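What follows is a set of notes on a single structure, which appears directly below.
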Amino acid sequence: MSALLPEIEQRAARTEELRRMPEETVRDLDEAGFFKLMQPEQWGGYQVDPVSFYEAVRRLASACGSTGWVAGIIGIHNWHLGLFDQRAQEDVWGADPSVRISSSYAPMGMGEVVEGGYKVNGNWAFSSGCDIADWAFVGGPVIKDGRPVDFVSYLIPRSDYTIKDVWHVVGLKGTGSNTLEVKDVFVPRHRVLSMRTMANYQSPGLERNTAPVYKMPWGTIHPSTISTPVVGMAYGAYNAHVEHQGKRVRAAYAGEKSKDDPFAKVRIAAAASDIDAAWRQLSGNLQSEYDLILAGEEIPMELRLAARRDQVRATARAVASIDLLFENSGGGALNLDSPIQRFWRDAHGGRVHAANDPERAYTAFGNGEFGIPIGDSMV
């Protein structure tokens, strides 16, 4: 994976111009086996441990924020499909196990119970990487007799939805996070998975896909997929900043070299520490949960709550560190060919994802500490 980073970094500006990942990048990731990392072995995948997957995502995002964002999201969907009914997996991968899936899990539509399945309608925004996918997960309630009875993910083929090209933004410009329009689409029962079923570790896919990684909690996996690229962007911004400062001469300070400025060194040290702390906590909690699964033990709610707490904290630390580095970079960082400003924009773009809202995660953790029932499904 590391061998791909220089070229991905060189394509970062073009990725923004295209508003999607270049075909060469998609091909390189395919050939490197990235999208197979979390795919079940029965479909030619590697079903690796979660830390290995997220480490790869972090590195990709350190080269190009948009690429890391899309790669992580598309890559984790193979884990999610592994929890679906075997028939759904066959529908997607039966003819071609390299088929990719995008998503929009927020309830921007719904499914009405009909004979044999559900009639789905809605407009799902922010489906990152939808242009390189042939299927999509869309989230929403199940409506029966006029009222919601469950919250699920509907799995829909590309032929049954329209992509509305609306992604004109300031950050994460290259993610192609467009809107999926679904009108009166029939989705059979086997292509629907309840969030409640996943939370109770009763997903039908576990019958065949028995690797430990498929027993990881959704409330850790999904938020980590959103935070990890942001932390990766912080590493990329840090590397770009150090290189920039090593060459920078500050005209406003009588030609002083930035690398000789003690205050610049203090800011670099502070940013480096917080970025490392973000990744150590994020990856450490993933490893702790995975180790318990390997040992055949249940993941306690205390650890799941801590993982969620530290996940949003990781995003906050990463964004704050990038802000500090950006402020310390001088006017040259504003140039459009500067990677620092790109990481700054992309990180703030990632920060506004709902999974990065700190108050909800912190409140859930506080409730746990006081013995109050946890109502947040993202744990």
Side-chain angles (χ1 to χ4, degrees), residues 43 73-74 76-97 99-167 176-209 218-219 221-222 225 353-355 375-378:
W43 301 108
I73 288 173
I74 296 292
I76 206 63
H77 290 158
N78 289 351
W79 175 88
H80 192 190
L81 182 56
L83 300 178
F84 272 68
D85 187 288
Q86 182 70 13
R87 289 170 295 174
Q89 297 176 56
E90 291 169 355
D91 287 348
V92 177
W93 289 324
D96 182 3
V99 165
R100 293 178 291 270
I101 312 163
S102 70
S103 72
S104 179
Y105 290 114
M108 300 179 185
M110 63 185 68
E112 181 182 357
V113 175
V114 296
E115 184 176 355
Y118 309 87
K119 183 174 69 173
V120 179
N121 283 280
N123 282 270
W124 279 269
F126 315 130
S127 185
S128 300
C130 59
D131 51 285
I132 64 168
D134 293 300
W135 290 74
F137 294 124
V138 294
V142 171
I143 305 299
K144 184 177 182 180
D145 298 328
R147 63 184 183 88
V149 295
D150 199 358
F151 190 92
V152 304
S153 294
Y154 299 97
L155 176 61
I156 301 179
R158 177 69 182 83
S159 57
D160 284 350
Y161 59 84
T162 301
I163 297 176
K164 299 169 73 173
D165 188 1
V166 296
W167 192 243
S177 301
N178 286 303
T179 295
L180 309 182
E181 184 179 53
V182 180
K183 291 184 177 181
D184 292 332
V185 169
F186 174 74
V187 180
R189 288 196 187 99
H190 70 269
R191 285 204 259 116
V192 173
L193 182 59
S194 166
M195 292 294 179
R196 186 185 307 125
T197 299
M198 281 201 301
N200 293 331
Y201 298 101
Q202 296 174 339
S203 299
L206 292 173
E207 294 180 13
R208 289 283 299 271
N209 301 320
W218 167 261
I221 288 292
H222 176 61
T225 304
H353 191 286
D376 190 345
S377 61
M378 198 62 69

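What you see is a predicted model, and the numbers here were worked out from it, not measured in a lab.
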> Looking at Gly82 and Gln89, what are the two nearest heavy atoms and their distance?
Replying inline: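 For Gly82 versus Gln89, the nearest heavy atoms are O-NE2, 3.6 Å.
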>> If you compare all heavy atoms of Ser153 against all heavy atoms of Met195, which two are closest, and at what distance to 0.1 Å?
In response: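 Answer, listing the atom of Ser153 first, then Met195: OG-CE, 3.3 Å.
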> With sequence neighbours left out, what residues match Asn178 under side-chain hydrogen bond (donor to acceptor under 3.5 Å, both in side chains)?
Replying inline: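 Applying side-chain hydrogen bond (donor to acceptor under 3.5 Å, both in side chains) to Asn178 gives none.
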>> Between Val152 and Leu193, does the side-chain contact (heavy atoms from CB on, under 4.5 Å) criterion hold? Intermediate values first, please.
In response: CA-CA 5 Å; Val152 304; Leu193 182 59; over 6 Å; no
Nearest-0.5 Å distance, [atom1] of residue [X] to [atom2] of residue [Y]:
| X | Y | atom1 | atom2 | answer |
| --- | --- | --- | --- | --- |
| Asn209 | Phe84 | CG | CZ | 12.5 Å |
| Asn123 | Leu180 | CG | CG | 9.0 Å |
| Leu155 | Leu81 | CG | CG | 6.0 Å |
| Thr197 | Trp218 | OG1 | CH2 | 13.5 Å |

> Listed by chain and number, what are the side-chain contact (heavy atoms from CB on, under 4.5 Å) partners of Ser177, not counting sequence neighbours?
Replying inline: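 Listed in chain order: Ser128, Trp167, Thr175.
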> What residues form a side-chain contact (heavy atoms from CB on, under 4.5 Å) with Thr162, not counting sequence neighbours?
Replying inline: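 Thr162 satisfies side-chain contact (heavy atoms from CB on, under 4.5 Å) with Glu181 only.
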Could you give the side-chain donor-acceptor pairs of residues 135-148 under 3.5 Å, partners two or more places apart or in another chain?
none

> Can you list every pair that meets salt bridge (charged side-chain N to carboxylate O under 4.0 Å, His left out) and has a residue in residues 129-142, with sequence neighbours left out?
Replying inline: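 Non-adjacent pairs meeting salt bridge (charged side-chain N to carboxylate O under 4.0 Å, His left out): Arg20-Asp131.
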> Tell me the salt bridge (charged side-chain N to carboxylate O under 4.0 Å, His left out) pairs involving residues 186-204, sequence neighbours left out?
Replying inline: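 Applying salt bridge (charged side-chain N to carboxylate O under 4.0 Å, His left out) to every pair that reaches into residues 186-204, excluding sequence neighbours, yields Asp91-Arg191, Asp150-Arg196.
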N/O donor to acceptor pairs below 3.5 angstrom from side-chain atoms of residues 99-116, sequence neighbours left out:
| unit_1 | atom_1 | unit_2 | atom_2 | d |
| --- | --- | --- | --- | --- |
| Arg100 | NE | Ile132 | O | 2.8 |
| Arg100 | NH1 | Asp30 | OD1 | 3.4 |
| Arg100 | NH1 | Asp30 | OD2 | 2.7 |
| Arg100 | NH2 | Ile132 | O | 3.3 |
| Ser102 | OG | Ser127 | OG | 2.9 |
| Ser103 | OG | His77 | NE2 | 2.9 |
| Ser104 | OG | Ala125 | O | 2.6 |
| Tyr105 | OH | His80 | ND1 | 2.8 |

Only counting residues at least two apart or in another chain, list the ones meeting salt bridge (charged side-chain N to carboxylate O under 4.0 Å, His left out) with [X].
| X | result |
| --- | --- |
| Arg87 | Asp85 |
| Asp160 | none |
| Asp165 | Arg19 |
| Arg208 | none |

>> Test: ring-ring contact (aromatic ring centres under 6.0 Å, His included). Region: residues 140-162. Which pairs qualify, not counting sequence neighbours?
In response: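 Output for this query lists Tyr118-Tyr154.
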>> Could you check whether any side-chain heavy atom of His222 comes within less than 4.5 Å of a side-chain heavy atom of Met378, counting everything from C-beta outward?
In response: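 In short, these two side chains touch, coming nearer than 4.5 Å.
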> With side chains defined as the heavy atoms from C-beta onward, is the minimum distance between Lys164 and Trp124 less than 4.5 Å?
Replying inline: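 Result no, sub-4.5 Å side-chain heavy-atom pair not found.
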